[in-house]
Amino acid sequence: LLPGHEDERLKVTPGRTESYFAETYGIVGETAELTVTAESPLVGMSIGEVEQLHDAPLILAIKSGKDARMDRRLLWFLGLLLPVLAWSWIAPHDRFTWWLEVIPALVGVPLVFALQKKFPLSTLLLALVWVHCVVLMVGGHYTYALVPCFAPADAVGRALGWTRNNYDKLGHFVQGFVPAILTREILLRSSSLGPEAKTGRPVSGWLGFLVVSVCLAFSALYELVEWATAVSTGEAAEAFLGTQGDPWDTQKDMATALVG
């Protein structure tokens, strides 16, 4: 970012950065390197907006992250997820149901990696996506109606007085708050709903309403996918539906996602 010079004595080095800007541009003061992470509120702002913030420094130079190595968080994410995926794949209760339950994770995880430079996820969202993937993989391995510990005869089921296996309700609860955080990050970064530093405008009051609306729409879409799968494949999709004889299962699933 700093100009070179044939004369070794005049080359700009990190140790001469302050004197270089002082002598060349008349900018006097301390210089520091600022790393903007995915969680930073600066993400999505222009340079002008950043410099308008209270006590903000003068931005002298920018280094793009396009040439950066793979985000270490993604390496941890993948390293902790692959063993779960391998366990889930080995001898599941029903292979067809496994594909139906786990395919959202198999599609979503590559998208996280493909979009890491254009849209890096916050650490919170990355952790929640990992949790959601694990929930899907556990459900795919056993089928939602047969996951241990959640059945009426198991410890948790007896303690809570359940009459059915409620692991599917855990899945729909997660299906509520994980898409909520994802939707919130997308809207804050790519729409006018986020805060504006130049005018001091806070986060729009519509943000929460739209996040909940998107989550409910996503939950309803998933129920439609379950219905279409059941109609097209017949009894083969019974474990995927996981109604367990409850005629209100669809409505309860969406209500659970709303709570999430």
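In this text the structure is predicted, and so the values were computed from the model without any measurement.
Taking all atoms of both residues into account, the shortest heavy-atom contact from Cys133 to Leu81 is CB-CD1, 3.7 Å. Residues Gly139 and Val147 come closest through the heavy atom pair CA-CG2, 4.3 Å. Of all heavy-atom pairs between Leu124 and Ile181, the closest is CD2-CG2, 4.5 Å. Considering all non-hydrogen atoms of both residues, Phe177 and Leu128 come closest at CE1-CD2, 3.6 Å. Among all heavy-atom pairs drawn from Pro92 and Gly140, the shortest one is CB-O, 4.0 Å. Smallest separation of non-hydrogen atoms from Pro110 and Ala105: CD-O, 4.1 Å.
Put simply, CG on Leu80 and CG on Leu75 are 11.0 Å apart, with the number rounded to the nearest 0.5 Å. To the nearest 0.5 Å, atoms CZ (Phe218) and OG (Ser213) are separated by 15.0 Å. Taking CG from Leu121 and CD1 from Ile186, the interatomic distance works out to 8.5 Å, rounded to the nearest 0.5 Å. A distance of 5.5 Å separates CG of Leu125 from CG of Leu182, quoted to the nearest 0.5 Å. Note: Arg73 CZ to Ser122 OG = 7.0 Å, rounded to the nearest 0.5 Å. Taken from CE in Met137 to NE2 in His132, the straight-line distance is 10.5 Å, to the nearest 0.5 Å.
No path of Ile, Leu, Val, Met, Phe, Trp and Tyr side chains, each step under 4.5 Å between heavy atoms, connects Leu115 with Trp130, placing them in separate hydrophobic clusters. Residues Trp99 and Leu82 share a hydrophobic cluster, clusters being chains of Ile/Leu/Val/Met/Phe/Trp/Tyr side chains in contact below 4.5 Å. Under a hydrophobic-cluster definition in which Ile, Leu, Val, Met, Phe, Trp and Tyr are linked whenever side-chain heavy atoms come within less than 4.5 Å, directly or via other members, Val129 and Leu111 are assigned to different clusters. Under the 4.5 Å side-chain contact rule for hydrophobic residues, Leu146 and Val135 do not share a cluster. Using a 4.5 Å cut-off between side-chain heavy atoms of Ile, Leu, Val, Met, Phe, Trp and Tyr, with links allowed through other members, Phe96 and Ile103 fall into different hydrophobic clusters.
The local environment of CG in Leu106 is crowded, with over 12 non-hydrogen atoms from other residues, nucleotides or ligands closer than 6.0 Å.
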task = Would you please test Leu188 and Leu207 for side chain to side chain contact (heavy atoms under 4.5 Å, CB included) and show each step?
result = CA-CA 8 Å; Leu188 282 177; Leu207 180 64; 3.7 Å; yes
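Put simply, the side chain of Tyr144 reaches to within 4.5 Å of the side chain of Leu136, judged on heavy atoms. You'll find the side chain of Leu126 stays beyond 4.5 Å of the side chain of Trp76, heavy atoms only. Counting only heavy atoms from C-beta outward, the side chains of Leu74 and Val112 approach each other to under 4.5 Å.
In this structure, the side chain of Arg95 engages the main chain of Trp89 through a donor-acceptor pair within 3.5 Å.
By the 30° and 60° cut-offs, the orientation of the rings of Phe77 relative to Phe113 is tilted.
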